[in-house]
Amino acid sequence: MTKDLTVYNSLAREKQLFKPLHPGYVGMYVCGPTVYNDVHLGNCRSFVSFDIIFRTFKYLGYKVRYVRNITDVGHLLDDGEDRIAKGARLEQLEPMEIVQKYTNGFHDIMRVFNVLPPSIEPRATQHIIEQIEMVKAILANGLAYEKNGSVYFDVPRFAKETGHYGDLSGRVIDDLLQETRDLKRQDEKNHPADFAIWMKADPEHIMRWPSPWGEGFPGWHLECSAMSTKYLGKTFDIHGGGSDLKFPHHENEIAQNFGACGCAPANYWLHGNMLLLNGRKMSKSEGNTISPEQLFTGDSSLISKGYSPMVVRFFMLMAHYRSTLDITDEALLAAEKGYKRMMDAWSTLASLPSTTGSTASEIDNEIIQALDGALADLCDDFNTPMALAKLFEVVPRINGLKGGQIKPDQIQPATIERLKQDMGDLLFSVFGLKEESDAGGASETIGSLMDLILDLRQSARANKDWPTADKIRDGLQAAGIVVKDGAEGSSWTLS
RNA sequence: GGUCACGUGGCCGAGUGGCUAGGCAGAGGUCUGCAAAACCUCGUACAGCGGUUCGAAUCCGCUCGUGACCUCCA
């Protein structure tokens, strides 16, 4: 069942053979969103990437426990205000209303992108006790200190004692001294590199919990350490997130886990890369940004039309998760056509008459090699663009069989069976694509209507009444229905 | 300013010391009443300048450009 799989481990900065802690099982933790406003398109790419990783492990036969958290407290803005509290203030809602509202929105978008729900989706505010316990453990190990009701992680001491600070990010503590931003209560820290694991709540701060150090709230990095430990154990297989989280978030998470448990949290760290828009980073202030909704509806000056969620997902598959991906209208258009070509080939495959080849032909070998290759590509650090390319190699064979360029006796029945099985698995189970039905909701009525119309047109064609036949086709085209004349009659699709 | 990535044909995007990525667009052809689709054929690209090597887009150096991070953005 389980095949050899290599993953690029950010910790080692190289591809490594994946060896699970427990054979056949994978524990994976991925940093989820901070739910204080609408989900960013970049988040979507990140979660789609890890969705494919999740699906690949499952496809390979692993039993996966996938934990992806919701951060609903502790994540502060530059000015020190809690992101959730700020959202609540701006929208005049309870903090938990903000959390619920944007959690719902996040789930909606994930569903639209056909991202599988994780096995466990814990929230930071539901794990305050675990976080307080972790702070206590770190204090007990002498790697944190209390100051005026806040608790700070002692980074220099941790670095000195374990030598592990900077393992992931390559950060050197002395370089961090350059920081000049004026942050909240910066002066309380013994060292600028120290970070809060528990913060005292100001009187006006709404989100607060009692603790041994007074009323306060947990630091941003702590919830991931506490929840990954709770659900996956002190050490687990994979920790993922966007590359922008490497430092400080993931580096500090590692420090906290070491500080509390004396061991590293994850064996493999996987980081997804950023999304660009027209070659530039997405930036609200520069107007270079687009939301998932705008992408779907086309309601943006940056794109010429709307693109369906599956087209966007397909577009994401065309790049490796560790590469930046540039969104342009032209690239989306290309992805849309590619997606359609692939999906058309898939439905053609289902309707193909049976083949009669008795010995393995060159075409048989070619198809088998492409399928084997696609699986190998997936097992090579989840290389979806390569796997997709292999699938595209098979498309002309399917269409050729349909169009008569390839004869049925040139392919063995077993090859077609394997093709149906593997192509379906890859497209739907691993890549997580869905067929976006052409006919839409009103299919039955329109279907019988179209049967009638095409029947009338067929009569006209039989009589060589081309003006009538063309008039019907052009009229349907104007109504958004494309008619294609094939060898066995005409077919139609909504454009 | 510091640390780290990346820069591939018209566009997106794999690959990474010698061997075809793939998609889209474009050119020619086959098929078709025409069209669309499909099928076949076609691109010697790898930021610039040096260096290492029998051989570099792939390794090294410099320059330019883009991006990430540098206390809380996936």
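Just so it is clear, the structure is predicted and the values come from calculations on it, not from any experiment. Only this structure's heavy atoms are used, side chains among them; waters, hydrogens and symmetry mates stay out. Just so it is clear: chains get the letters A, B, ... in the order the sequence lines come, proteins before strands, and each one is counted from 1.
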Item checked: B:U20 to B:G15 separation - C1' atoms, rounded to the nearest Å -> 12 Å

Margin query: What's the gap between B:G48 and B:C6 when it is taken at their C1' atoms, as a whole Å value?
Written below: 16 Å

Notebook entry, point to check: Under a 4.0 Å N-O cut-off, is there an ion pair linking A:D51 with A:R68?
Noted result: no

Notebook entry, point to check: Over how many whole Å does the gap from A:R461 atom CZ to B:U32 atom P extend?
Noted result: 12 Å

Checklist line | Nearest-Å distance once atom C1' is located in both B:G9 and B:G22 | finding: 14 Å

Next item on the list: Select base, sugar-phosphate, or nothing to describe what A:L275 touches, counting heavy atoms under 4.0 Å on all strands.
Entry: base

Notebook entry, point to check: Which nucleotide, in any strand shown, forms a Watson-Crick or G-U wobble pair with B:A5, with both distances under 3.5 Å?
Noted result: B:U66

Next item on the list: Determine: side-chain N/O of A:N399 to OP1/OP2 of B:A38, distance under 4.0 Å, yes or no.
Entry: no

Note to self: It should be established whether A:R280 places a side-chain nitrogen or oxygen under 4.0 Å from OP1 or OP2 of nucleotide B:A68.
What the structure shows: no

Check: In terms of side-chain heavy atoms of A:S243, which of B:A74, B:A68, B:A14 is nearest?
Finding: B:A68

Check: Under a 3.5 Å cut-off for both distances, is B:C42 Watson-Crick or wobble paired, and to whom?
Finding: B:G26

Check: Looking only at atom C1', what distance separates B:U41 and B:G33, rounded to whole Å?
Finding: 26 Å

Notebook entry, point to check: Once you round it to whole Å, what is the distance between C1' of B:U32 and CD of A:Q458?
Noted result: 13 Å

Note to self: Taking any heavy-atom pair under 4.0 Å as a contact, classify A:H271: base, sugar-phosphate, or nothing.
What the structure shows: nothing

Check: Could a donor-acceptor pair under 3.5 angstrom be found where the side chain of A:D470 meets the base of B:G33?
Finding: yes

Margin query: Between the base of B:C4 and the side chain of A:R13, is there a donor and acceptor pair under 3.5 angstrom?
Written below: no

Notebook entry, point to check: Quick one: is B:A5 close enough that its OP1 or OP2 comes under 4.0 Å of any side-chain N or O from A:T324?
Noted result: no

Next item on the list: Spell out protein contact along nucleotides 20-25 of chain B as letters: B when the base is contacted, S when just the sugar-phosphate is, - when no protein heavy atom is under 4.0 Å; keep the 5' to 3' order.
Entry: -BBBSS

Item checked: Counterpart base for B:U52, defined by Watson-Crick or G-U wobble contacts under 3.5 Å -> none

Next item on the list: Please say whether more than 12 non-hydrogen atoms of neighbouring residues, nucleotides or ligands are located less than 6.0 Å from NZ in A:K305.
Entry: yes

Next item on the list: Would you kindly give the CG-to-P distance between A:D485 and B:C31, to the nearest whole Å?
Entry: 17 Å

Item checked: Whole-Å P distance, B:A21 and B:G10 -> 15 Å

Next item on the list: Classify the angle between the aromatic ring planes of A:H239 and A:W269 as parallel (below 30°), tilted (30 to 60°) or perpendicular (above 60°).
Entry: parallel

Notebook entry, point to check: Less than 3.5 Å between a donor and an acceptor, one on the side chain of A:R45 and one on the base of B:A74, is that the case here?
Noted result: no

Checklist line | Inter-nucleotide C1' distance (B:U53, B:G13), Å rounded | finding: 30 Å

Check: Is A:E362 atom CD crowded by more than 12 heavy atoms from other residues, nucleotides or ligands, each under 6.0 Å away?
Finding: no

Margin query: For A:H164 and A:F258, take the angle between the two ring planes, folded into 0 to 90°, and tell me which bin it lands in: parallel under 30, tilted 30 to 60, perpendicular over 60.
Written below: parallel

Notebook entry, point to check: Which listed nucleotide (B:A14, B:A36, B:G13) is nearest to the side chain of A:S323?
Noted result: B:A14

Next item on the list: Ignoring the backbone of A:R457, work out which of B:C39, B:A14, B:G33 is nearest its side chain.
Entry: B:G33

Check: Can you check the A:R322 CZ to B:A14 C1' distance for me, whole Å?
Finding: 12 Å

Next item on the list: Would you indicate what A:T348 reaches in the nucleic acid, counting non-hydrogen atoms under 4.0 angstrom: base, sugar-phosphate, or nothing?
Entry: nothing

Margin query: Distance check, P atoms only: B:C4 and B:G61, in whole angstrom units.
Written below: 11 Å

Next item on the list: Rounded to the nearest angstrom, tell me the gap between atom NZ in A:K340 and atom P in B:A37.
Entry: 9 Å

Check: A:D244 CG to B:C69 P: how many Å, rounded?
Finding: 5 Å

Margin query: So A:G272, base contact, sugar-phosphate only, or nothing? Heavy-atom distance under 4.0 Å.
Written below: nothing

Notebook entry, point to check: Is A:R171 paired with A:E251 through a side-chain N to carboxylate O contact shorter than 4.0 Å?
Noted result: no

Notebook entry, point to check: Under the 3.5 angstrom rule, does the side chain of A:Q294 hit a backbone N or O of A:S291 as a donor-acceptor pair?
Noted result: yes

Margin query: Within the 4.0 Å heavy-atom criterion, would you say A:K246 contacts the bases, only the backbone, or no part of the nucleic acid?
Written below: nothing

Item checked: A:D108 with A:R111: basic N within carboxylate O range, under 4.0 Å -> yes

Checklist line | Side-chain N,O (A:N273) to OP1/OP2 (B:A5) below 4.0 Å | finding: no

Next item on the list: Grab the CG-C1' distance between A:D377 and B:A14 for me, whole Å please.
Entry: 10 Å

Next item on the list: In whole angstrom, give the distance that lies between atom CD of A:Q405 and atom C1' of B:U32.
Entry: 12 Å

Notebook entry, point to check: Does A:K147 NZ have over 12 foreign heavy atoms under 6.0 Å away?
Noted result: yes

Next item on the list: Could you tell me whether a side-chain N or O of A:D326 sits under 3.5 Å from a main-chain N or O of A:N278, the two making a donor and an acceptor?
Entry: yes

